[in-house]
Structures are given as structure tokens and as C-alpha cells.
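Read the structure below first, then the notes.
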Amino acid sequence: MSFDVKKIVALSEQKIGDGADRYQFLLLEGEQVLVEYKSIRDRLVFTTNKIISIDIQGITGKKAEFHVLPYTKARSEEHT
């Protein structure tokens, strides 16, 4: 799941910290997880500072690609 892919993915809300073993190293001191979502294998985590997208790859799921979007860089666009 990356920020540049325009596909709809069904996400279910997870207990906060449920996938922390995958993203803990990306958190700053004092940063808190606000909400965590999971698709079949991928995760989307909203923290107090950023959005973390985790794209699990490979057959075993040991490989992962991380995308981090700080809120300061997030923007919205309206297309008509």
C-alpha cells in the first residue's frame, strides 16, 4: 500500500500497537499512535506526527516497504 497507488483497499481498524513490531523504529521519542488499520497484509498507521504505510512483500512476508508522510507535507486536491 503506497501513497501513489490509486486503488481501493478494504481496511479494518486494529488495536493500537498490534503491529508495532513492524513500525516501532519509525516513531520519534514521545510520538504516539492514534489509530492503526490493516488490510490483508499491509498496514496504515496514523501517529501524532505522520502517516506510515507498510507494504508487506514476498511470499513469507519478511520483506516490507515503508512509506512515511509527515502531516506537514500532506495536502488535498479537488478535481472536478
Side-chain angles (χ1 to χ4, degrees):
M1 180 183 322
S2 76
F3 296 117
D4 59 348
V5 176
K6 295 182 180 182
K7 64 181 178 180
I8 297 176
V9 178
L11 297 171
S12 60
E13 191 168 346
Q14 301 292 299
K15 180 180 172 187
I16 292 177
D18 198 36
D21 57 321
R22 287 275 193 188
Y23 61 78
Q24 187 69 38
F25 73 98
L26 292 170
L27 299 180
L28 301 173
E29 186 175 326
E31 186 173 12
Q32 296 178 337
V33 174
L34 302 174
V35 67
E36 189 173 322
Y37 296 97
K38 182 180 179 192
S39 68
I40 294 172
R41 292 172 47 147
D42 301 337
R43 290 192 178 272
L44 188 62
V45 181
F46 291 82
T47 74
T48 50
N49 298 334
K50 61 187 164 254
I51 303 168
I52 302 169
S53 172
I54 306 169
D55 182 6
I56 306 300
Q57 302 174 346
I59 294 173
T60 62
K62 291 182 180 181
K63 295 180 184 179
E65 186 173 291
F66 297 88
H67 301 273
V68 178
L69 179 64
Y71 292 132
T72 57
K73 300 294 182 186
R75 66 178 190 185
S76 67
E77 294 181 14
E78 185 175 327
H79 296 277
T80 55

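Since the structure is predicted, the reported quantities are computational estimates derived from the model, not experimental observations.
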Ring-ring centroid check F66 F25, cutoff 6.0 Å
yes
I'd like to know if the side chain of Y23 and the backbone of R43 have a donor-acceptor N/O pair within less than 3.5 Å.
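No; judged by distance alone, with no hydrogens or angles, the pair does not exist.
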Does CG in L28 sit with more than 12 non-hydrogen atoms of other residues, nucleotides or ligands closer than 6.0 Å?
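Counting neighbours around CG of L28, more than 12 heavy atoms of other residues, nucleotides or ligands fall under 6.0 Å, so yes.
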Please step through side chain to side chain contact (heavy atoms under 4.5 Å, CB included) for the pair I52 and T47, ending with a clear verdict.
CA-CA 8 Å; I52 302 169; T47 74; 4.2 Å; yes
Could you walk me through whether R75 and E77 satisfy the salt bridge (Lys or Arg N to Asp or Glu O under 4.0 Å) test, starting with their C-alpha distance in whole Å, then the side-chain angles of each, then the deciding distance to 0.1 Å, before giving a yes or no?
CA-CA 7 Å; R75 66 178 190 185; E77 294 181 14; 2.8 Å; yes
Before you tell me yes or no, could you show the steps for D55 and Q57 under side chain to side chain contact (heavy atoms under 4.5 Å, CB included), namely the whole-Å CA-CA distance, both residues' side-chain angles and the distance that decides it to 0.1 Å?
CA-CA 6 Å; D55 182 6; Q57 302 174 346; 3.6 Å; yes
At their closest point, which heavy atom of A64 faces which heavy atom of R22, and how far apart are they?
CB-NH1, 3.8 Å
For E31, is there an ion pair with K50 - N to carboxylate O distance below 4.0 angstrom?
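Yes, charged N to carboxylate O under 4.0 Å.
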Could you tell me whether E36 and K15 make a salt bridge, using a distance below 4.0 angstrom between a side-chain N and a carboxylate O?
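No.
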Using a distance-only test with no angle check, is there a side-chain donor-acceptor pair under 3.5 angstrom linking E78 and S76?
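S76 and E78 do not have a side-chain donor-acceptor pair below 3.5 Å.
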With a 4.5 Å cut-off on side-chain heavy atoms, are L27 and V33 touching?
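Yes, close enough: below the 4.5 Å cut-off.
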Once you round to the nearest 0.5 Å, how far does CG of L34 lie from CG of N49?
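If I round to the nearest 0.5 Å, the distance is 9.0 Å.
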Would you compute the distance between atom OG of S53 and atom OH of Y37 and round it to the nearest 0.5 angstrom?
14.0 Å
Against L44, only a single residue in V35, I54, L11 fulfils side-chain contact (heavy atoms from CB on, under 4.5 Å); can you say which?
L11
